[in-house]
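Notes for the one structure printed next.
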2 protein chains.
Amino acid sequence: MTANDADIGPDLTPDNMLCFAIYSANHAFSRVYKPLLKDLGLTFPQFLVMAALWVEDGQNVGAIGEKLCLESSTLTPLLKRLEALGYVTRNRDPDDERQVRVNLTVDAKKLRKKSLAIPGCLLAASGMTGKDYMALQRNVARLRDALLESAANPP
Amino acid sequence: MTANDADIGPDLTPDNMLCFAIYSANHAFSRVYKPLLKDLGLTFPQFLVMAALWVEDGQNVGAIGEKLCLESSTLTPLLKRLEALGYVTRNRDPDDERQVRVNLTVDAKKLRKKSLAIPGCLLAASGMTGKDYMALQRNVARLRDALLESAANPP
DNA sequence: CGATATTATATCGTACACGATATTATCGCG
DNA sequence: CGCGATAATATCGTGTACGATATAATATCG
């Protein structure tokens, strides 16, 4: 390992690895979210599921999983917890009994109003301008899509 | 919700949230890593611990946790698995019996050589140039540090 | 129309990940 | 020296996460 090896590409030092930056930023987001979600009684993944349902109510488990990149083995227990909290209902679709429709409750709609302040808190915690924040969002989303594409079609 | 609400700042749509981009990119990295680590018998977090030890052997649990932002409740079982795999040894420091020194085995050093190709695979999977890749790494690391700072000193 | 394939969820086993707490070792101060 | 405070690791309970598999409903094709 010579002094300028770091210049020629990624190495095995966590601090130089993009995957570690993403991994640790994910944990850091969870940590910032924790007190904000405490009042709502939600975890961060539960909040993401609620956010997906606020965009479109009445999705089935598969649609939510597709949007959030999660499997039914993760979502089924999580949705049962949201149901126990009184934020969603889970019902088999009468037209196709294989599917489970997830619907928001009245409480969930109240929750949405309380959550509207959260994105601003996150932006503030990032110390970034809105412009840089959204640009980074797009770059990371593009990276994610390229990685998923590569994982699905291994070289 | 009007058509240009997206222009005035972050909202509650997962696809517009930086936290979701990071969250899903983290999962995507795991997915790309899985086949690469399969041969080595490691999970992604285990690989990160190995990488931290390749930078500096003989660290104690706390030092590893500080570098990777992980608690002893996560690391202790993980390190026991790495020990069972024959990649590390765990020994109480004779000078301070509270600390557990984690040392690499001979196998771990062979593993390092086999791992040197991995960062290049990740870069290729990202579809990015090395320059952009490293720039994104720095931006995400900066974001993480700002979030951790904010979590530690809430506004 | 009925056997087979496919699809949608659910369940199970393993592995993170954290907060709260327990345990043991060291330190500091009288 | 001894005793309370502090520090390092481990343990426990809860909640993700995934791959493999199970189960049940629908679709397909002869």
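Naming: A, B, ... by sequence-line order, numbering from 1 per chain.
- Between P45(B) and L78(B), the shortest heavy-atom distance links the atoms CB-CD1, 3.9 Å.
- Within residues 140-148 of chain B, no residue approaches DNA chain C, by heavy-atom distance under 4.0 Å.
- In this structure, CG of L70(B) is placed 14 Å from P of dT9(D), rounded to the nearest angstrom.
- Evaluation of the ring pair (Phe, Tyr, Trp, His ring centres under 6.0 Å) test over residues 46-92 of chain A, restricted to residues two or more places apart or in two chains, returns Y33(A)-F47(A).
- At a threshold of 4.0 angstrom between heavy atoms, the contacts of L78(A) are confined to the sugar-phosphate backbone, with no base atom among them.
- When all heavy atoms of L143(B) and F29(A) are compared, the pair lying nearest together is CD2-CE1, 3.9 Å.
- Nearest heavy atoms, A21(A) versus Q137(B): CB-O, 3.9 Å.
- When side chains are defined from C-beta on, C69(A) counts as touching L148(A), because their heavy atoms get closer than 4.5 Å.
- In this structure, I118(A) and L37(A) have side chains that are in contact, with non-hydrogen atoms separated by less than 4.5 Å.
- Atom CG of L75(B) is separated from atom P of dT9(D) by 10 Å (rounded to the nearest Å).
- Between S115(B) and L12(A), the shortest heavy-atom contact is O-CD2, 3.9 Å.
- Contact record, D11(A) with M17(A): O-CG, 3.5 Å, taken as the closest heavy-atom pair.
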Kindly determine whether L70(B) and I64(B) satisfy side-chain contact (heavy atoms from CB on, under 4.5 Å), including the steps that lead there.
-> CA-CA 8 Å; L70(B) 294 174; I64(B) 298 170; over 6 Å; no
Apply side-chain contact (heavy atoms from CB on, under 4.5 Å) to L147(B) and R31(A), showing your working.
-> CA-CA 8 Å; L147(B) 292 174; R31(A) 223 164 284 188; over 6 Å; no
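- Heavy-atom minimum distance, L53(A) versus V88(A): CD1-CG1, 3.9 Å.
- For DNA chain D, the stems formed by at least three consecutive Watson-Crick or G-U pairs, with both atom-pair distances below 3.5 Å, span C:1-30 with D:1-30.
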Are T76(A) and V100(A) close enough, and set up right, to give a side-chain contact (heavy atoms from CB on, under 4.5 Å), and what steps lead you there?
-> CA-CA 10 Å; T76(A) 296; V100(A) 169; over 6 Å; no
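- In this structure, K80(A) places its NZ atom 18 Å from P of dA17(D), rounding to the nearest Å.
- Atom-to-atom, CZ of R92(A) to C1' of dA24(D) comes out at 8 Å; the value is rounded to the nearest Å.
- With a 4.5 Å cut-off on side-chain heavy atoms, R144(A) and F20(B) count as touching.
- For the residue pair T13(B) and D15(B), no side-chain donor N or O sits within less than 3.5 Å of a side-chain acceptor on the partner.
- Here chain A contacts DNA chain C (any atom closer than 4.0 Å to a heavy atom, that is under 4.0 Å), and the contacts span dT7(C) to dC18(C) from 5' to 3'.
- Shown for residues 33-63 of chain A: residues whose heavy atoms fall under 4.0 angstrom of DNA chain C, namely K34(A), N60(A), V61(A), G62(A).
- Residues R98(A) and S72(A) each lie close to DNA chain D; by heavy-atom proximity, the contact nearer the 5' end of the strand is made by S72(A).
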Apply the test side-chain contact (heavy atoms from CB on, under 4.5 Å) to residues L42(A) and L85(A): give CA-CA distance (whole Å), side-chain angles for both, the deciding distance (0.1 Å), then the verdict.
-> CA-CA 9 Å; L42(A) 295 178; L85(A) 287 168; 4.1 Å; yes
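- When each of E71(A) and D96(A) is assigned the nucleotide of DNA chain D with its nearest heavy atom, E71(A) is the one assigned upstream, toward the 5' end.
- Atom-to-atom, CG of D95(B) to P of dA8(D) comes out at 15 Å; the value is rounded to the nearest Å.
- For the pair D145(A) and R142(A), the salt-bridge criterion is not met [side-chain N within less than 4.0 Å of a carboxylate O].
- Within the 4.0 Å cut-off from OP1 or OP2 of dT9(D), not a single side-chain nitrogen or oxygen of R90(B) is found.
- Within residues 18-32 of chain B, no residue approaches DNA chain C, by heavy-atom distance under 4.0 Å.
- Position along DNA chain C of the nearest nucleotide to T74(A) versus E97(B) favours T74(A) as the more 5'-ward residue.
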